[in-house]
Amino acid sequence: MKVRVLAFARVRELLGSAREVELPAGSTAAALWDELAKTCTGLPALAKSTRIARNGHVVNRAEILHEGDEIALLPPAGGG
Amino acid sequence: MKVRVLAFARVRELLGSAREVELPAGSTAAALWDELAKTCTGLPALAKSTRIARNGHVVNRAEILHEGDEIALLPPAGGG
Amino acid sequence: MFAVVSEPIDVAAIAREVRTDACGAVVTFAGVVRERSDDDRPVTGLSYEAHENMAAEEFERIAAEARERFGSCAISVVHRIGDLAVGDVSVAVAVAAPHRSAAFAACEYAIHELKRRAPIWKKEHYTRGDSEWKTNPDRANSP
Amino acid sequence: MFAVVSEPIDVAAIAREVRTDACGAVVTFAGVVRERSDDDRPVTGLSYEAHENMAAEEFERIAAEARERFGSCAISVVHRIGDLAVGDVSVAVAVAAPHRSAAFAACEYAIHELKRRAPIWKKEHYTRGDSEWKTNPDRANSP
């Protein structure tokens with residue numbers, strides 16, 4: 001299955017703002033993170049501080065992803 | 001001596017917005033009020049609620065007035 | 001800017017005027033003529049009058065107090081007089097400050113004190129043709 | 001109006017939009033890019049990015065909470081993204097309410113919660129050429 005990954009701020013600087021990722025069906029958010037970390041040495045250091053949203057809602061790492069999901073990687077925010 | 005009297009709100013509706021008043025030299029604010037009340041039957045009822053300012057500063061009724069003073073009659077306010 | 005004016009108030013222009021590059025927060029308050037009185041009677045408009053010099057001086061004193069209490073910030077206060085219709089802005093306060101808490105606190109202080117202390121009078125006109133001078137219940141120096 | 005925009009923010013237009021004839025008070029907050037960082041370094045500008053949909057939905061939730069807590073009032077929240085210079089407005093909140101206390105409280109609540117919760121990121125650029133992602137120290141869900 002394919003999911004669309006959006007990244008922001010520090011994480012965007014590492015991954016680019018958007019990309020498609022191919023994953024085995026039934027993969028979790030954690031599995032997606034590990035897949036991205038394989039090719040991005042800076043990412044593991046941000047694991048603890050980065051929240052993951054699936055289709056606009058923050059989920060935990062055990063969340064099962066589905067074909068076509070929009071997965072957003074959200075480092076600590078600070079708007080205003 | 002002459003003083004210039006400015007009136008506002010309820011008091012203006014009785015006296016008009018501005019007038020010159022002739023008073024004996026050394027008259028007090030109280031004397032001015034009494035002079036105005038002579039020809040204005042509605043005024044005495046407003047005595048307690050009306051403050052008097054001399055040249056922009058609120059004074060008490062014993063204040064001595066001087067030639068050319070601007071005397072403002074200030075009923076209870078409520079801007080905003 | 002501390003002024004009593006007869007023309008419509010441009011809140012945005014007042015806000016622009018207080019801002020400086022040192023200020024991260026601009027808060028404005030606009031008082032607007034409502035369609036209903038506090039006791040829920042339909043209102044056609046308000047008439048305001050002021051002792052213009054005394055009012056402008058009071059605005060300036062209030063702003064100085066706000067700057068003193070809440071930290072350095074620029075404040076403008078403008079009140080309109082004359083006949084206002086529903087929807088017209090009667091008073092505007094704009095405050096710029098380095099941070100938002102000071103800007104909010106100073107703006108709220110300024111409008112509260114203005115209503116309490118400024119020599120400004122307001123007559124409410126009702127759809128039935130009657131009208132009434134309104135006073136601020138917690139005004140200063142009330143007899 | 002709950003929006004993330006790329007163009008300059010017109011605070012006055014947002015304020016006009018929330019006002020109704022039932023509202024006697026309109027309060028606006030504008031966050032403006034300052035010339036100095038919190039640790040007093042000279043700043044050339046800020047870059048903002050946002051998860052635009054999640055941010056707009058968060059604005060709407062915050063506004064609903066503010067209406068619930070402080071009484072019926074209309075609220076708009078707009079945040080700008082992209083590269084902003086000193087003096088540019090990054091965020092605007094406008095609140096209209098029948099009375100001023102609700103308008104001030106709702107406006108302050110909305111900007112406080114926005115800074116804490118909205119998925120928006122800010123990079124500060126300094127005159128020396130370096131830059132830094134800034135986070136809100138009391139943000140929600142901080143790890």
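Keep in mind the model is a prediction, meaning the values are calculated, not measured. To find a chain, count down the sequence lines: A is the first, B the second, and so on, and within it residues start at 1.
Listed by sequence position, C:Tyr48, C:Glu49, C:Ala50, C:His51, C:Met54 are the residues of residues 21-56 of chain C in contact with chain B, using a 4.5 angstrom heavy-atom cutoff. When the heavy atoms of residues 76-92 of chain C are compared with those of chain B, the residues falling under 4.5 Å are C:His79, C:Ser90, C:Val91, listed by number.
Using a 4.0 Å cut-off between charged side-chain N and carboxylate O, C:Glu124 and C:Lys122 make no salt bridge.
For residues 22-58 of chain B, there are no ring-ring contact (aromatic ring centres under 6.0 Å, His included) pairs, not counting sequence neighbours.
With values rounded to the nearest 0.5 angstrom, B:Met1 atom CE is found 7.0 Å from B:Asp69 atom CG. Taking CD1 from B:Ile71 and NE2 from B:His66, the interatomic distance works out to 10.5 Å, rounded to the nearest 0.5 Å. In this structure, B:Arg54 CZ and B:Thr28 OG1 are separated by 12.0 Å, a value rounded to the nearest 0.5 Å.
Between C:Phe59 and C:Val93, the closest side-chain pair of non-hydrogen atoms is not below 4.5 Å. Looking at C:Asp130 and C:Glu132, their side chains never come closer than 4.5 Å, going by heavy atoms from C-beta outward.
Within a 6.0 Å radius of CD in C:Glu68, other residues, nucleotides and ligands contribute 12 heavy atoms or fewer.
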### side-chain contact (heavy atoms from CB on, under 4.5 Å) evaluation trace for C:Trp121 with B:Leu74
CA-CA 9 Å; C:Trp121 296 268; B:Leu74 313 170; 3.6 Å; yes
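In this structure, the side-chain hydrogen bond (donor to acceptor under 3.5 Å, both in side chains) partners of C:Glu58, at least two apart in sequence or on a different chain, are C:Arg61, C:Arg117.
Of the atoms belonging to B:Leu6, it is side-chain heavy atoms, and not backbone ones, that fall under 4.5 Å from chain C.
Among the candidates B:Gly56, B:Ala53, B:Pro75, the residue making the largest number of heavy-atom pairs closer than 4.5 Å to chain C is B:Pro75.
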